[in-house]
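Remember, it's 1-based here, ligands and their atoms both numbered in the order they're listed. Keep in mind it's a predicted model, so treat the numbers as computed, not measured.
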Amino acid sequence: MEHLQIASDNYVAFTFFIGTMAMMAASVFFFFELNNTAKAWRTSILVSGLITFIAAVHYYYMRGYNLETGDSPTFFRYVDWILTVPLMCVEFYLITKKAGAKVALLWKLIFASLVMLVTGYFGETIDRDNSVLWGVISGAAYFYIAYLVWFGEVAKLSQSAGPNVAKATRILAWFVLVGWAIYPLGYILGTPGGLFGMKLVADPAAASHAMDIVYNIADAINKIGFGLVIYALSRNEE
Ligand SMILES: *C/C=C(C)/C=C/C=C(C)/C=C/C1=C(C)CCCC1(C)C
């Protein structure tokens, strides 16, 4: 039986471990708080918990996969995202629902997020030679989501849903604009196309490590942070 040791400078493994633990702790928190949450807000808190729980399970796998192979668990990463990012869209829908958000808006957000993620997956895996092109398409879908939450339907509805929802939506919009922008940075570091041909990390192994570290940090900020904003909103609205 081989004993796997983690070198003290192995930040990839370190962030996978800490990511697993943080997502687990956040899930326990959101699930246990359901009982103390006003009825109208339970679904939103449940979705916060589902987002971190799905991530916890994927991080558990990604941690093991990375430890045993030393490779980047791209497949698990994208399965995680394809489940959790649409759930973040559901959060926007739920908090603006009382101001009249329609299911059509939810589908718009989900569709854009799927375009963003599927094209990103192509660029990272099956068509790495064209990673810049896929990254640009993915980026366009990302900007569309940012537009909807900053100026489009989500922003407008949140204004008529009361000051608490308006304020929370603005904070979540910052998460989308700044927190989500960390992901394309990871993509630029880790894919062969770099930043429109300019490679920031030359060595392929180092590039893939940098990408994993950046993604792991971004996930912790965005998934747990998003959930906490919703949690705070549920308390302010009581
Ligand atoms: C919990 C997971 C989240 C919030 C994941 C978000 C992922 C993105 C915003 C990814 C965006 C990308 C681009 C905008 C361009 C390059 C390819 C991606 C998929 C990394």
Of all residues at least two apart in sequence or in a different chain, which pass the side chain to side chain contact (heavy atoms under 4.5 Å, CB included) check with Ala206?
Val201, Asp203
Should Tyr215 be listed as contacting ligand 1, given a heavy-atom distance under 4.0 Å as the test?
yes
Which residue and non-hydrogen atom of the protein lie closest to atom 16 (C) of ligand 1, and at what distance in Å?
Tyr187 CG, 3.5 Å
Is it possible for you to check whether Arg63 lies under 6.0 Å from the centre of the six-membered ring of Tyr60, through NZ or CZ, and within 45° of that ring's axis?
yes
Does Tyr61, at its OH atom, have more than 12 non-hydrogen atoms belonging to other residues, nucleotides or ligands within less than 6.0 Å?
no
Among all protein heavy atoms in this structure, tell me which lies nearest to atom 2 (C) of ligand 1, with the distance rounded to 0.1 Å.
Lys223 NZ, 2.4 Å
Mark up the atoms of ligand 1 that fall under 4.0 Å of a heavy atom belonging to Gly135, in ascending order.
15 (C)
Which residue and non-hydrogen atom of the protein lie closest to atom 9 (C) of ligand 1, and at what distance in Å?
Met116 CE, 3.4 Å
Short list, please: which atoms of ligand 1 are under 4.0 Å from a heavy atom of Trp180?
4 (C), 9 (C)
Relative to the ring of Tyr144, is the ring of Tyr147 parallel (under 30°), tilted (30 to 60°) or perpendicular (over 60°)?
parallel
Closer than 4.0 angstrom, basic N to acidic O: yes or no for Glu153 and Lys102?
no
Short list, please: which atoms of ligand 1 are under 4.0 Å from a heavy atom of Trp81?
2 (C)
Atom 3 (C) of ligand 1 [closest protein heavy-atom partner, distance rounded to 0.1 Å]
Tyr183 OH, 3.3 Å
Which residue and atom name correspond to the protein heavy atom nearest atom 12 (C) of ligand 1, and how close is it?
Ser138 OG, 3.5 Å
What is the ring orientation for His58 with Phe76, classed by angle as parallel under 30°, tilted 30 to 60°, or perpendicular over 60°?
perpendicular
Can you tell me which portion of Tyr78 lies within the under-4.0 Å heavy-atom range of ligand 1? Options are side chain, backbone, both, or neither.
side chain
Before we go on, tell me: are the rings of Trp174 and Trp150 under 6.0 Å apart, centre to centre?
yes
Residue Asp219 vicinity, atoms of ligand 1 by number, heavy atom under 4.0 Å:
1 (C), 2 (C)
Under 3.5 Å donor-acceptor pairs involving side-chain atoms of residues 92-100, not counting sequence neighbours:
unit_1	atom_1	unit_2	atom_2	d
Thr96	OG1	Phe92	O	2.7
Thr96	OG1	Tyr93	O	3.3
Lys98	NZ	Glu237	OE1	3.0

Nearest heavy-atom contact between Thr37 and Arg235 is OG1-NH2, 2.5 Å
Give the atom numbers and elements of ligand 1 that come within less than 4.0 Å of a heavy atom of Thr84.
1 (C)
Which ligand 1 atoms are under 4.0 Å away from a heavy-atom of Met88?
4 (C)
Test of understanding: given a 4.0 Å heavy-atom threshold, classify the contact between Asp80 and ligand 1 as side chain, backbone, both, or neither.
neither
Is the CZ atom of Phe53 crowded by more than 12 outside heavy atoms at less than 6.0 Å?
no
Quick one: does Glu124 get a heavy atom under 4.0 Å from ligand 1?
no
